[in-house]
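Shown next, in structure tokens, is the structure this report addresses.
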Amino acid sequence: MTTTAVEFGAAEVAVKTLQEELVQLSEVEKENVKKVKRNKKELEELFRERETILQQREEKTQQLKDALEKKEKLMLKLVEEREKGLKEKERVWEGKGKKFSALL
């Protein structure tokens with residue numbers, strides 16, 4: 001074998017090796033693209049889920065605010081009713097007190 005033939009053989013081996021490495025790199029790149037697409041879909045889904053959660057939180061916060069306002073109004077109404085009841089009892093007792101005084 002001549003030096004040229006040996007060099008040609010080595011060059012051929014180098015070319016085959018480089019071609020195999022390129023094929024491997026292409027496969028890795030394809031896998032990475034698949035992963036990126038999958039991660040992108042997962043990320044988009046997470047953002048949609050996040051938006052849904054934020055919307056639900058906003059709705060629940062408004063419901064809580066409304067419920068607290070309603071509770072406060074009812075509490076004020078209860079206080080007013082109790083005050084009316086106490087005033088009514090005072091009038092009744094005053095009336096009974098006058099009748100009792102009249103009997104004495």
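Remember, it's a predicted structure, so these values are computed and weren't measured experimentally.
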Rounded at 0.5 Å granularity, tell me how far CD in Glu81 sits from CG in Leu76. 11.5 Å
Fellow cluster residues of Met75, listed by chain then number, with links counted only when side-chain atoms sit under 4.5 Å apart: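 Met75 shares its hydrophobic cluster with no other residue.
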How does the hydrophobic cluster around Leu25 look, that is, which other residues are in it when side-chain heavy atoms under 4.5 Å mark a link? none
Taking C-beta and beyond as the side chain, do [X] and [Y] meet within less than 4.5 Å on heavy atoms?
X     : Y     : answer
Gln56 : Thr52 : yes
Arg82 : Val79 : no
Lys35 : Asn32 : yes
Lys77 : Lys73 : no

Just checking Glu72: does its CD atom have more than 12 heavy atoms from other residues, nucleotides or ligands closer to it than 6.0 angstrom?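 No, the 6.0 Å shell around CD holds no more than 12 heavy atoms from other groups.
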Can you list everything that forms a side-chain contact (heavy atoms from CB on, under 4.5 Å) with [X]? Sequence neighbours excluded, please.
X     : value
Thr61 : none
Arg50 : Leu54
Arg48 : Glu44, Glu45

Verify salt bridge (charged side-chain N to carboxylate O under 4.0 Å, His left out) between Glu31 and Lys34, making sure each step is shown before the conclusion. CA-CA 5 Å; Glu31 284 298 314; Lys34 287 179 185 177; 3.8 Å; yes
Please evaluate residues Lys60 and Arg57 with respect to the criterion side chain to side chain contact (heavy atoms under 4.5 Å, CB included), reporting the C-alpha separation (whole Å), side-chain torsions for both, the decisive distance (0.1 Å), and the verdict. CA-CA 5 Å; Lys60 294 295 178 185; Arg57 279 186 66 192; 5.8 Å; no
For Asp66, side chain to side chain donor-acceptor pair (under 3.5 Å) partners two or more places apart: Gln62
